[in-house]
Q: 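Please see the structure below; I have some questions.
Chain letters run A, B, ... following the sequence lines, proteins first and then strands; every chain starts at 1.
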Number of protein chains: 2
Amino acid sequence: MGQPTTSPPDKQSSERHAFVHTRLSSDNHRYTTGRRRLVDALACSGQPLTLPDIVEIAPDLAASSVYRNLEVLEQCGVVKRIASGSGHAHFELAEPLLSHHHHLVCVDCGVIEDVRLDDEVEEVLDQHLSLIASRASFKPLHHSLDLHGHCANCDGLL
Amino acid sequence: MGQPTTSPPDKQSSERHAFVHTRLSSDNHRYTTGRRRLVDALACSGQPLTLPDIVEIAPDLAASSVYRNLEVLEQCGVVKRIASGSGHAHFELAEPLLSHHHHLVCVDCGVIEDVRLDDEVEEVLDQHLSLIASRASFKPLHHSLDLHGHCANCDGLL
DNA sequence: AATGCAAATGAGACTTATTATCATTATCGT
DNA sequence: ACGATAATGATAATAAGTCTCATTTGCATT
């Protein structure tokens, strides 16, 4: 049980909203009630959400506005998009709001769960990726590591 | 310069076709000339391709057939799909045909380049991922690790 | 080498997820 | 409170990929 990492914990609600507000205003965007509710929806659910997930949690949000706002928030570094190959994309809060983590992706039902690596492993990985990037004259921004397989729920059913 | 890994090299053409043929027939599929040309296109290009890339390389292939065949080949474990979030998905030969590797994804132009980790790092990562999966009662199939950033080409232009 | 039959093909219709449009409404600095 | 401007939401439009179905091909068996 217990945390497998010593990474900092996720931000609390007020701190989170303050952070998002800063990010948005610095790019001349407004932190409207709709955007607040969107951020709340992403924050309260522990896992990445699809558009249908979001409008189910917050039915007063218009789908077109949610898509537009996810894009704005993504550009401001508040939201991260996770491409799932087929079906809806998943969205979650970005790194400053959610500590660095990776994903368990169920190939059966598509659900995505967040997991964290031990800091030691993460560090080895980071250093090696930097080396590889420099060898290819590639300027790295961030990495993503997903484990694909059968989630506990689907594994029992199949 | 030299290989940063001791992994086995990619298969040669005849061996590759034999392998694909076996995989397809064992699932009652035929290895038609169209499928052969598709596999050749993926093999000759050193990097993952989109549908437009493929039909440009092999203009005699019908887009609908290519999509259908990519799906069949994916299910047979011959092709791997790389979801890119926006725009076209990328496709490459799967692991038995192309040795285990990861991707440098350019956030500017979308091009994807294959890279290999040192075996030592890959092993540390694999072991840790197995541990994490078992803690979540998750049955892992494979992992994907992508480094996102600016490729050498785009970095100069921006 | 011909036969038969199931699988594959290809052109285009269709679906689905997402993005653009635009008149109306809300937000924020003054 | 005011005014400029950004955001909203219903709907139209687009883009990527999937489905349909009449025709063709591949392959196992004569």
Q: For Tyr31(A) and Gly34(B), take the nucleotide of DNA chain C holding the closest heavy atom to each; which residue's nucleotide lies nearer the 5' end?
A: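 Residue closer to the 5' terminus by nearest nucleotide: Gly34(B).
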Q: I would like to know whether Ser25(B) and His21(B) meet side chain to side chain donor-acceptor pair (under 3.5 Å); could you show each step before the answer?
A: CA-CA 6 Å; Ser25(B) 357; His21(B) 192 293; 3.1 Å; yes
Q: In the hydrophobic clustering that connects Ile, Leu, Val, Met, Phe, Trp and Tyr at side-chain heavy-atom distances below 4.5 Å, which members other than Val111(A) occupy its cluster, ordered by chain and number?
A: none
Q: Of all heavy-atom pairs between Val55(B) and Ala63(B), which one has the smallest distance, and what is that distance?
A: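 Looks like CG1-CA, 4.4 Å.
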Q: Find out whether Leu145(B) and Leu125(A) are in side-chain contact, i.e. whether some heavy atom of one side chain is under 4.5 Å from a heavy atom of the other.
A: yes
Q: Considering every strand and a 4.0 Å limit on heavy-atom distances, what is the contact class for Ala63(A): base, sugar-phosphate, or nothing?
A: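 It contacts nothing in the nucleic acid.
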Q: My understanding is that only one of His101(B), His143(B), Arg116(B) makes a side chain to side chain donor-acceptor pair (under 3.5 Å) with Glu122(B); could you say which?
A: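 Option passing the side chain to side chain donor-acceptor pair (under 3.5 Å) with Glu122(B): His143(B).
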Q: May I have all residue pairs that pass salt bridge (charged side-chain N to carboxylate O under 4.0 Å, His left out) and include part of residues 28-49 of chain B, sequence neighbours excluded?
A: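 Sorted result for residues 28-49 of chain B: Arg37(B)-Asp60(B).
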Q: Can you give me the first and the last nucleotide of DNA chain C (5' to 3') that has an atom within less than 4.0 angstrom of a non-hydrogen atom in chain B?
A: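 With heavy atoms of chain B under 4.0 Å away, the range is dA6(C) to dG12(C).
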Q: What salt bridge (charged side-chain N to carboxylate O under 4.0 Å, His left out) pairs are there with at least one residue in residues 85-104 of chain A, not counting sequence neighbours?
A: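 Checked against salt bridge (charged side-chain N to carboxylate O under 4.0 Å, His left out) - neighbours excluded - the pairs reaching residues 85-104 of chain A are Lys80(A)-Glu92(A).
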Q: Do the side chains of Arg16(A) and Leu93(A) get nearer than 4.5 Å, heavy atoms only?
A: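 SC-SC contact between Leu93(A) and Arg16(A) confirmed.
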Q: Could you work out, with salt bridge (charged side-chain N to carboxylate O under 4.0 Å, His left out) as the rule, every residue matching Glu74(B), not counting sequence neighbours?
A: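 Counting only residues at least two positions away or on another chain, Glu74(B) forms a salt bridge (charged side-chain N to carboxylate O under 4.0 Å, His left out) with Arg81(B).
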Q: Let me spell it out: for each of Phe91(B) and Thr33(B), pick the nucleotide of DNA chain D with the closest heavy atom. Which residue's pick is nearer the 5' end?
A: Phe91(B)
Q: Is any side-chain heavy atom of Leu147(A) less than 4.5 Å from a side-chain heavy atom of His102(A)?
A: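 When only atoms from C-beta onward are counted, His102(A) and Leu147(A) do not touch, as no gap falls below 4.5 Å.
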Q: Could you list where the contact with chain B starts and ends along DNA chain D, reading 5' to 3', using a 4.0 Å heavy-atom cut-off?
A: dA16(D) to dG26(D)
Q: Within residues 65-80 of chain B, which residues have any heavy atom lying less than 4.0 Å from an atom of DNA chain C?
A: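 Within this stretch, Ser65(B), Arg68(B), Asn69(B) sit under 4.0 Å of the strand.
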Q: Which pairs with one or both residues in residues 43-57 of chain B pass salt bridge (charged side-chain N to carboxylate O under 4.0 Å, His left out), sequence neighbours excluded?
A: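 Output for this query is empty, none listed.
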Q: Parallel, tilted or perpendicular for His142(A) and His148(B), by the 30°/60° rule?
A: parallel
Q: Report for the helix from dA1(C)-dT30(D) to dT30(C)-dA1(D): angle between first-end and last-end helix axes, five pairs each, rounded to 10 degrees.
A: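 It comes to 50° between the two terminal axes.
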Q: Arg81(B) or Thr32(B): which one's nearest nucleotide on DNA chain D is closer to the 5' end?
A: Arg81(B)
Q: Output every pair passing ring pair (Phe, Tyr, Trp, His ring centres under 6.0 Å) with a member in residues 57-86 of chain A, not counting sequence neighbours, ordered by first then second residue.
A: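 As it turns out, there is no ring pair (Phe, Tyr, Trp, His ring centres under 6.0 Å) pair with a partner in residues 57-86 of chain A once direct neighbours are skipped.
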Q: Are any non-hydrogen side-chain atoms of Val39(A) and Tyr31(A) less than 4.5 angstrom apart?
A: yes
Q: Other members of the hydrophobic cluster containing Ile112(B), with the 4.5 Å side-chain heavy-atom rule, please.
A: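 Besides Ile112(B), the cluster holds Ile82(B), Val105(B).
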Q: Which residues, if any, of residues 49-59 of chain A bring a heavy atom under 4.0 Å of DNA chain C?
A: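 Going residue by residue through residues 49-59 of chain A, none turns out to have a heavy atom under 4.0 Å of DNA chain C.
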Q: Start at the 5' end of DNA chain C and walk down; is the nucleotide closest to Leu61(B) or to Ser86(B) reached first?
A: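 Of the two residues, Leu61(B) wins.
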